[in-house]
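For reference, the structure is listed below as structure tokens.
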2 protein chains.
Amino acid sequence: MADQLSQLFAALADPTRRDMVARLAVADATVGQLAEPYDVSLQAVSKHLKVLESAGLVTRGRAAQTRPVHLEAKVFDLMTKWIERYQQQAEERYQRLDAVLDAMNGPADGTVQTDPQEGTAS
Amino acid sequence: MADQLSQLFAALADPTRRDMVARLAVADATVGQLAEPYDVSLQAVSKHLKVLESAGLVTRGRAAQTRPVHLEAKVFDLMTKWIERYQQQAEERYQRLDAVLDAMNGPADGTVQTDPQEGTAS
DNA sequence: ACCTTGATCAACCAGATGGTTGACAACGAG
DNA sequence: CTCGTTGTCAACCATCTGGTTGATCAAGGT
């Protein structure tokens with residue numbers, strides 16, 4: 001439905017799903033094993049898994065009656081790449097703003113902070 | 001309402017909000033400036049900003065009639081810390097599994113560098 | 001004093017989400 | 001073959017979400 005990045009963020013926005021991911025990072029598990037700690041029905045867990053699966057975070061095999069769930073850790077990269085890009089951009093901008101303020105504070109008193117005239121507005 | 005981590009992931013699960021964050025990484029902006037590229041009402045954008053604000057991703061000042069929006073890039077750390085933790089855990093597990101397979105395939109090799117010793121798995 | 005501009009609040013609506021219960025499909029064991 | 005185990009599908013329900021429109025507030029500009 002939505003782009004994968006949206007699905008990834010949405011999938012991890014739920015504490016239960018985050019906990020499932022955390023446990024799957026340790027070991028693969030069946031649906032029943034995953035459901036056991038939570039106080040919800042097996043069907044609810046199955047739905048959560050469907051969300052994780054369609055986000056690409058998880059794959060399911062089949063062994064006997066059980067459907068072992070496996071974490072696909074590499075898709076995390078999509079999120080970290082996105083985050084780091086804009087985090088870094090904001091960081092750099094902050095550094096530049098700092099430099100501007102330094103330049104303004106240098107020749108003056110040093111306590112001035114109320115006139116951050118912004119030249120390039122869009 | 002929910003824990004901040006959930007709010008952060010949920011906030012970034014929307015493409016419009018991700019785009020706003022991307023633009024705020026470049027420069028602060030007013031609500032009107034933020035709304036301009038999108039084909040939605042100003043009120044809708046205001047709602048998006050409320051989501052970003054309650055997640056801690058942005059702060060709003062006040063200058064004249066406008067309400068400049070500022071990105072708080074440091075809260076990204078909460079997400080990256082979470083992601084990297086489990087990504088790394090899954091990665092290490094994968095390495096261990098690899099080592100076990102290697103040991104089964106060629107026990108005479110000796111190039112094993114990981115520690116396949118798995119103790120008590122709870 | 002009066003409008004104009006920028007933004008929020010309030011009420012409402014359609015659709016998504018997370019949960020439930022009940023039925024049933026797939027498989028292995030007896 | 002029949003039964004128990006494991007899990008999914010389907011329908012239903014309450015709440016959340018993202019959008020709308022209309023009213024309102026806050027601060028200048030004239």
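In the text below, chain A, chain B and the rest are named by the order of the sequence lines, each starting its count at 1. Computed from a prediction, not measured in an experiment: that's the story for all the values here.
- Residue B:Leu42 contributes atom CG, which lies 7 Å from atom P of C:dT8 at whole-angstrom precision.
- Taking for each of B:Pro68 and A:Ala10 the nucleotide of DNA chain C with the nearest heavy atom, the 5'-most of the two is the partner of B:Pro68.
- Straight-line distance from the CZ atom of B:Phe9 to the P atom of D:dT17: 17 Å, rounded to whole Å.
- Of the residues near DNA chain C, B:Gly32 and B:Lys47, the one whose nearest nucleotide (by heavy atom distance) lies more toward the 5' end is B:Gly32.
- Atom CG in A:Leu49 sits roughly 15 Å away from atom C1' in D:dC9 (whole-Å rounding).
- Remark: P of C:dG18 and CG of A:Leu12 are 12 Å apart, rounded to the nearest angstrom.
- Protein atom CG of B:Asp14 is 14 Å distant from nucleotide atom C1' of C:dG15, rounded to whole Å.
- Between the side chain of B:Gln43 and the base of D:dG22 there is at least one donor-acceptor pair of N/O atoms closer than 3.5 Å.
- Contact annotation for B:Thr30: backbone-only contact, meaning every heavy-atom pair under 4.0 Å involves sugar-phosphate atoms and none involves a base.
- If you measure from atom CD of B:Gln33 to atom C1' of C:dA7, you get 13 Å, rounded to the nearest angstrom.
- Using a 4.0 Å cut-off, no side-chain N or O of B:Ser41 falls inside it from OP1 or OP2 of D:dG19.
- When only modelled atom types and interatomic distance are considered, A:Gln7 and A:Ser54 share a side-chain donor-acceptor pair under 3.5 Å.
- Contact annotation: B:Arg60 reaches the phosphate of C:dT8 (side-chain N/O to OP1 or OP2, under 4.0 Å).
- Between A:His48 and C:dT17 there is no side-chain N or O to OP1 or OP2 distance below 4.0 Å.
- B:Glu91 and B:Arg93 are not joined by a salt bridge, as no carboxylate oxygen comes within less than 4.0 angstrom of a charged side-chain nitrogen.
- At least one side-chain nitrogen or oxygen of B:Ser46 sits closer than 4.0 Å to the OP1 or OP2 atom of C:dT8.
- Phosphate proximity of D:dA27 to B:Arg67: absent, as no side-chain N or O sits under 4.0 Å from OP1 or OP2.
- In this structure, CG of B:Asp39 is placed 11 Å from P of D:dG19, rounded to the nearest angstrom.
- A:Gln65 places its CD atom 5 Å from the C1' atom of C:dG28, with the value rounded to the nearest Å.
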Go through the steps to decide whether B:Asp3 and A:Arg18 satisfy the test salt bridge (Lys or Arg N to Asp or Glu O under 4.0 Å), and finish with yes or no. CA-CA 12 Å; B:Asp3 56 306; A:Arg18 275 202 309 280; 2.8 Å; yes
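- A heavy-atom distance below 4.5 Å is not found between the side chains of B:Thr30 and B:Val69.
- Closest contact between the side chain of B:Val40 and the listed nucleotides C:dG28, D:dG19, C:dA7 involves D:dG19.
- Taking the six-membered ring where the residue is Trp, B:Phe9 and A:Phe9 present tilted rings, their angle falling between 30° and 60°.
- Residue contacts for B:Thr66: at a heavy-atom cut-off of 4.0 Å it reaches the sugar-phosphate backbone alone, with no base atom in range.
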